[in-house]
Amino acid sequence: YSLSEQTKNILSALANDLKIIIFCEKSNFRRYHDLMSRYVNESSKVDYKLVDLDRSPGMVKEYGISHAGNTLVKYGSKQTIIPYPSEENLINGIIKVTRSANKVIFFLNGHGENSIKDKDERRGFSVVGECLKRECYDIKQISLRNGKKIPDEASLLIVNSPKTKFCESEIRSLGNFLKNGGSVFFLIDPFADVGLSSFLSENGVRLGEDIIVDKENRIVGWDALLPI
């Protein structure tokens, strides 16, 4: 097992000392020593400590530890508690305490877009929203009706499968956001005329009416265009 490139890059960018304290049973000390040695080997800024839950009730109470495996990640004056020290949890905790502020991603609504609040397995985007939150992004929704401006705090605007046409004032808002250095991620369904083709073309993107078909992985006896 080796650390991912993302983890290595984040560890190599540490400017100050990072402290990781894992609260666990003594029987798990060896396993967590092996885990944390990878982080220490990757960056001299990383220091860790294993705390026996049974022998350290004072520290457990001080940091509000509730379960074995709870881990404190501390960087300067900022700290956070993660449920257990998997690589994903650790790197998200490190990002949280080392970032000066969380980046904000806006999801556009008002055109029947797939919602980050919708838990439907086929059309819902709640899983995407939760994944982004775990990566320490702040998630918000916005409508551009009546020429509303996209906030300066937006690191990214996601236009996710709109169903109805955009009006001129909305397209102007998108254009102004791009001109001011903003980023927009468009997810447009094939054959969906939502009034963005000309706008995208002006910005160097050709919106084709194409479908990717996997002829190998399909239900036997059914057309390849049938979604699985």
Item to check | Residues V60, L53; criterion side-chain contact (heavy atoms from CB on, under 4.5 Å); working and verdict | outcome: CA-CA 7 Å; V60 169; L53 280 171; 3.7 Å; yes
Checklist entry - Checking side-chain contact (heavy atoms from CB on, under 4.5 Å) for the pair K163/E113: CA distance, chi angles, key distance, verdict? => result CA-CA 7 Å; K163 309 296 188 299; E113 290 89 350; over 6 Å; no
Next on the checklist: Show, in sequence, the C-alpha distance, side-chain angles and deciding distance for L187 and V159, and conclude whether the side-chain contact (heavy atoms from CB on, under 4.5 Å) test is met.
Outcome noted: CA-CA 6 Å; L187 296 166; V159 180; over 6 Å; no
Next on the checklist: Run the side-chain contact (heavy atoms from CB on, under 4.5 Å) test on D47 and I20 for me, step by step, so that the C-alpha distance in whole Å, both residues' side-chain angles and the decisive distance to 0.1 Å come before the verdict.
Outcome noted: CA-CA 6 Å; D47 185 28; I20 298 173; over 6 Å; no
Next on the checklist: Apply side-chain hydrogen bond (donor to acceptor under 3.5 Å, both in side chains) to residues T80 and K78 and explain how you reach the verdict.
Outcome noted: CA-CA 7 Å; T80 188; K78 298 177 70 175; over 6 Å; no
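The aromatic rings of F166 and H111 sit parallel to each other, their planes meeting at less than 30°, with 60° as the upper class boundary.
To the nearest 0.5 Å, atom CD of residue E88 and atom CG of residue L90 are 10.5 Å apart. Interatomic distance, N16 CG to K74 NZ, rounded to the nearest 0.5 Å: 12.0 Å. Between the CG atom in L144 and the CG atom in L157 there is a gap of 6.5 Å [rounded to 0.5 Å]. In this structure, K8 NZ and S43 OG are separated by 13.0 Å, a value rounded to the nearest 0.5 Å.
Although no hydrogens or angles enter the test, the distance criterion places a donor-acceptor pair under 3.5 Å between the side chain of N160 and the main chain of N114. Checked by atom type and distance alone, the side chain of R145 pairs as donor or acceptor with a backbone atom of G110 at under 3.5 Å. A distance-only check finds no donor-acceptor pair linking the side chain of E130 to the backbone of V127 [under 3.5 Å]. Side chain of S37 to backbone of D34: a donor-acceptor contact under 3.5 angstrom is found.
Among all heavy-atom pairs drawn from L178 and F199, the shortest one is CD1-CZ, 3.6 Å. Of all the heavy atoms in L156 and F185, the pair that sits closest is CD1-N, 3.9 Å. Shown here for L207 and S197, the closest heavy-atom pair between the two residues is CD2-OG, 3.8 Å. Minimum interatomic distance between I82 and G93 (heavy atoms only, all atoms of both residues): CG2-CA, 4.2 Å. Shown here for K103 and S155, the closest heavy-atom pair between the two residues is CB-OG, 3.4 Å. What you find for F29 and L50 is that their closest heavy atoms are O-CD1, 3.4 Å.
The hydrophobic clustering, which links ILVMFWY residues whose side-chain heavy atoms are closer than 4.5 Å, places I142 and L196 together. V184 is connected to V194 through a chain of hydrophobic side-chain contacts under 4.5 Å among Ile, Leu, Val, Met, Phe, Trp and Tyr, so both are in one cluster. L108 and F106 fall within the same hydrophobic cluster, where Ile, Leu, Val, Met, Phe, Trp and Tyr residues are linked whenever their side-chain heavy atoms come under 4.5 Å apart, directly or through other members. There is no path of hydrophobic side-chain contacts, each under 4.5 Å, that joins L72 to L14. Linking ILVMFWY residues whenever their side-chain heavy atoms come closer than 4.5 Å, directly or via other members, places V46 and Y32 in the same cluster.
Under 3.5 Å, the side chains of S198 and S201 contain no donor-acceptor pair of N or O atoms. With no hydrogens or angles considered, no side-chain donor-acceptor pair links S126 and D118 at under 3.5 Å. Judged purely by distance below 3.5 Å, without hydrogens or angles, the side chains of S86 and N89 pair a donor atom with an acceptor atom. Counted by atom type alone, E87 and S4 present one or more donor-acceptor pairs between their side chains at under 3.5 Å.
Remark: D152 CG is loosely packed, at most 12 non-hydrogen atoms of other residues, nucleotides or ligands lying under 6.0 Å away. Atom CD of E168 has 12 or fewer heavy atoms from other residues, nucleotides or ligands within 6.0 Å. The local environment of NZ in K96 is sparse, with at most 12 non-hydrogen atoms from other residues, nucleotides or ligands closer than 6.0 Å.
A distance of 6.0 Å or more separates the ring centres of F23 and H67.
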